[in-house]
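Structure first, commentary second.
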Number of protein chains: 2
Amino acid sequence: MRPNQPSLTPAGEVKRAQPPTLRDVAEAAGVHAATASRALNPSTRRLVSAETARRVIKAAKTLGYQPNPIARSLKTAKSSTVGLVIPDLTNPLFPPIVRGIEDVLEAEGFSAWIVNTDNDPERERARIDSLRSRQVEGLIIATARVDHPFLEALHEQGVKMVLVNRRVENLEVPYVTADDATGIALAVRHLADLGHRRIAHLAGPQGTSTGVVRSRAFRHAIRDHGLEDDPSLIVECARWNEADGATAMRELLDRDDRFTAVVAGNDLIALGCYDVFAERGISCPDEMSVVGFNDMPFIDKLRPPLTTVGVPHNDIGAEAARMLLDCIEEPERRPRSLLLPVTMVVRDSTTHPRPLPSP
Amino acid sequence: MRPNQPSLTPAGEVKRAQPPTLRDVAEAAGVHAATASRALNPSTRRLVSAETARRVIKAAKTLGYQPNPIARSLKTAKSSTVGLVIPDLTNPLFPPIVRGIEDVLEAEGFSAWIVNTDNDPERERARIDSLRSRQVEGLIIATARVDHPFLEALHEQGVKMVLVNRRVENLEVPYVTADDATGIALAVRHLADLGHRRIAHLAGPQGTSTGVVRSRAFRHAIRDHGLEDDPSLIVECARWNEADGATAMRELLDRDDRFTAVVAGNDLIALGCYDVFAERGISCPDEMSVVGFNDMPFIDKLRPPLTTVGVPHNDIGAEAARMLLDCIEEPERRPRSLLLPVTMVVRDSTTHPRPLPSP
DNA sequence: GCGCGGACTGCAAACGAGTGCGGGCTATCA
DNA sequence: TGATAGCCCGCACTCGTTTGCAGTCCGCGC
């Protein structure tokens, strides 16, 4: 009945519910456990004769032997496991990245421990400590802030890691992000082409590299296109979410509502704008154009479908994972970072400013 | 500089980058490792004198000792870890459930391993085997099918588990789901109240308990309200996603488009309907009302905002986790299942059928 | 004064796998 | 025939922790 290798022992030992151990296969193959270990491990297989190797492997197969990763980790201080540190799995931005990561990890026999920090540094510390005590071989971190002493300390201690979506200043650690600067440039160009002259920016938290890069790129792009460069058109959101996007948008509207378009730091902030539009009866895109950033899943189903800049979520994850594996395999290699290309995704949340430019 | 306990050894041993071990704290406290172990573990602490316990605990604290979970797992065959088996993290339904699970697990000192199966039984098997070899103490499973021999086998082997969102026939395993039947009844009543007489149903896969419960409830509700009970108004979606929802909707429209409303098996299927509406220029809700199921995150931001039945995602996760912990703590307890209450969430995707009933 | 029990604590053996070291065997050559 | 090298394989220890068992010491009662 039972699928595994239950109780085929000649005697009536039905107790054998435990999975087979290395000793079991050694015994079955008539060799010592040490020999079995060497035979099963490809890198040490050359130390045993081809014949015994064959016998051991066969025994392992018929017994359904699976090495115990716990015991192996204890001995080797490795675990074929990496930690994934993200702020909140509930943010739709992350699941696709996680999938990208898992896909390449899995292909290499690794797997990922996911932890949420909720943007709480204390929590982050605790979760990372826990990951380390579980012998993860590296960390993929999506919660980096511009100034992040804890990560610096980890790096000093030789913890392998790669940053996704973020970087930290003065820290020589590989990162993979979308090409935020050209993304913002594309967004501004799109709005400028539509005829907008006064464009606002709901900047992401300036404690994150993404926030500063995007807002800096915004100011550059504004100047490049000769648009109105008014500092009061930029307000910073406390966090990358709808609520803080909404409060920033309210502040902006209360301060000066003569702008006709806004580029949001990311899609969630744009969603916050939508909420404020609903509150105040502002029609989008007729009265106000908005463009987001990230092209989150389902953001195309919104009302109206959000114009945004698309980033390759899966690739970001996949590249980060590949990079981490590289770091693990050859610790000497210099950190190498990656900026992934973005695309402008035009939907219905942007249009010409009102009054329409005469054709 | 470094935050931990680096190299405070009196001699110049800077090598001490390794975290302190139980032996280290035992030595520091002037006792044997066994005593230190007992002193540190609350459940065995009464075996040592209060004085030594105090000394050991203090030494552990100053050294910054953290027990090595790997070694502990190896010895005790426990891991304070449970496996989370879900089809796809990218489905927005799951992250909130996962968060609910993690919140209660964390409070009990447990943590969760998340794995995706992509609805591939082979993959599911492999991932679960991997979880088991990592000594998880139980499984929370969101991928159950009505007939699921693998899960039955696991249960036979004494693997503790609880099912979320699903159940499997003839398997005495606790499950926690939303109250699907009354949810569907609510949806049908809502549409009937609006005046709809011919209501279609895009049923979820009948290989899942959720699919069969909801479609059975649909037929009951239709009869209870004396509506048109036409079997050709029900079509089954191959999977719980947009694409299969869309193809089912197309099939329905091609077959008979005289219905005025549709209750979708879940929100993603409803999203598929939206896609088809866009394709064929059908206006929702004016020409066609649709109600979803689950009240996924962001589904309220859709065009139009989806009327749906709300389920307590977080609670589902939390209750499932609590239930699993109960099973782990007292293996003798009878399986106890839970049906969580749902609510009708009326938004803009439903309205009176056209022609409007005269007021 | 002896024995006994209780309270602590140390010893040592695990858990399952990996690995340095040495020993046995065979083959080769002087 | 004896020495040497090389190939295999087993012994025994290790990773860090838990735990059954046994030993020590003390106090108390008969």
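So you know, we letter chains A, B, ... as the sequences are listed, proteins then strands, and number each from 1.
- Within the nucleic acid shown, Leu22(A) comes within 4.0 Å of sugar-phosphate atoms alone, with no base atom in reach, counting heavy atoms only.
- Proximity of a side-chain donor or acceptor of Arg38(A) to a complementary backbone N or O of Thr44(A) within less than 3.5 Å is not detected.
- Scored by the side chain to side chain contact (heavy atoms under 4.5 Å, CB included) test, Asp88(A) finds Thr90(A), Asn116(A), Asp118(A), Arg99(B) as partners (sequence neighbours excluded).
- Taking only side-chain nitrogens and oxygens, Ser73(A) never comes nearer than 4.0 Å to OP1 or OP2 of dC15(D).
- Residues forming a side chain to side chain donor-acceptor pair (under 3.5 Å) with His313(A) (at least two apart in sequence, or on another chain): none.
- First and last contacts of DNA chain C with chain B, using any nucleotide atom under 4.0 Å from a protein heavy atom and ordered 5' to 3', fall at dC8(C) to dG16(C).
- Taking all atoms of both residues into account, the shortest heavy-atom contact from Leu74(B) to Ile70(A) is N-CG2, 3.7 Å.
- What separates CD of Gln18(B) from C1' of dC15(D) is a distance of 11 Å, to the nearest Å.
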If you look only at distance, which donor and acceptor atoms sit under 3.5 Å apart when one is on a side chain in residues 314-327 of chain B and the other is two or more places apart or in another chain?
residue: Asp326(B); atom: OD2; partner: Arg336(B); partner atom: NH2; Å: 3.2

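- For Leu40(B), the side chain to side chain contact (heavy atoms under 4.5 Å, CB included) partners are Leu22(B), Val25(B), Val56(B), Ile57(B), Ala60(B), Tyr65(B), not counting sequence neighbours.
- Overall, the helix from dG1(C)-dC30(D) to dA30(C)-dT1(D) carries an axis bend of 70° between its ends, with five pairs at each end and the value rounded to 10°.
- Without hydrogens or angle criteria, Ser130(A) side chain to Ala126(A) main chain gives no donor-acceptor distance under 3.5 Å.
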Fill in: CA sep, side-chain torsions, deciding dist, call: Trp113(B), Val82(B), side chain to side chain contact (heavy atoms under 4.5 Å, CB included)
CA-CA 6 Å; Trp113(B) 254 117; Val82(B) 313; over 6 Å; no
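- Look at CG on Asn68(B): it is 13 Å from C1' on dT18(D), rounded to the nearest Å.
- For the pair Asn41(B) CG and dT17(D) P, the interatomic distance rounds to 12 Å; values are reported in whole Å.
- The side chain to side chain contact (heavy atoms under 4.5 Å, CB included) test applied to Pro87(B) returns Phe94(B), Thr117(B), Asn119(B), Ala142(B), Thr143(B), not counting sequence neighbours.
- Annotation: side chain to side chain donor-acceptor pair (under 3.5 Å) contacts of Arg23(A) (sequence neighbours excluded): none.
- Within a 6.0 Å radius of CD in Glu27(A), no more than 12 heavy atoms belonging to other residues, nucleotides or ligands are found.
- Here dC8(D) presents its P atom at 13 Å from CZ of Arg55(A), a figure rounded to the nearest Å.
- Atom CG in Leu74(A) sits roughly 9 Å away from atom C1' in dT14(D) (whole-Å rounding).
- Under the rule for a side chain to side chain contact (heavy atoms under 4.5 Å, CB included), the partners of Arg167(A) that lie at least two apart in sequence or sit in another chain are Tyr175(A), Ser209(A).
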Grab the N/O contacts between the protein and nucleotides 9-13 of chain D below 3.5 Å, and write none if there aren't any.
residue: dC9(D); atom: OP1; partner: Ser49(A); partner atom: OG; Å: 3.4
residue: dC9(D); atom: OP1; partner: Thr52(A); partner atom: OG1; Å: 3.3
residue: dC9(D); atom: OP2; partner: Ser49(A); partner atom: N; Å: 2.8
residue: dC9(D); atom: OP2; partner: Thr52(A); partner atom: OG1; Å: 2.8
residue: dG10(D); atom: OP2; partner: His32(A); partner atom: N; Å: 2.9
residue: dG10(D); atom: OP2; partner: Thr35(A); partner atom: OG1; Å: 2.5
residue: dG10(D); atom: N7; partner: Arg38(A); partner atom: NH2; Å: 3.0
residue: dG10(D); atom: O6; partner: Arg38(A); partner atom: NH1; Å: 3.4
residue: dG10(D); atom: O6; partner: Arg38(A); partner atom: NH2; Å: 2.6
residue: dC11(D); atom: OP2; partner: His32(A); partner atom: NE2; Å: 3.3

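- For the side chain to side chain donor-acceptor pair (under 3.5 Å) test, residues two or more places apart in sequence or in another chain that qualify with Arg145(A) are His148(A).
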Polar-atom pairs under 3.5 Å, protein N or O versus N or O of nucleotides 22-28 of chain D: list them with distances, or write none.
none

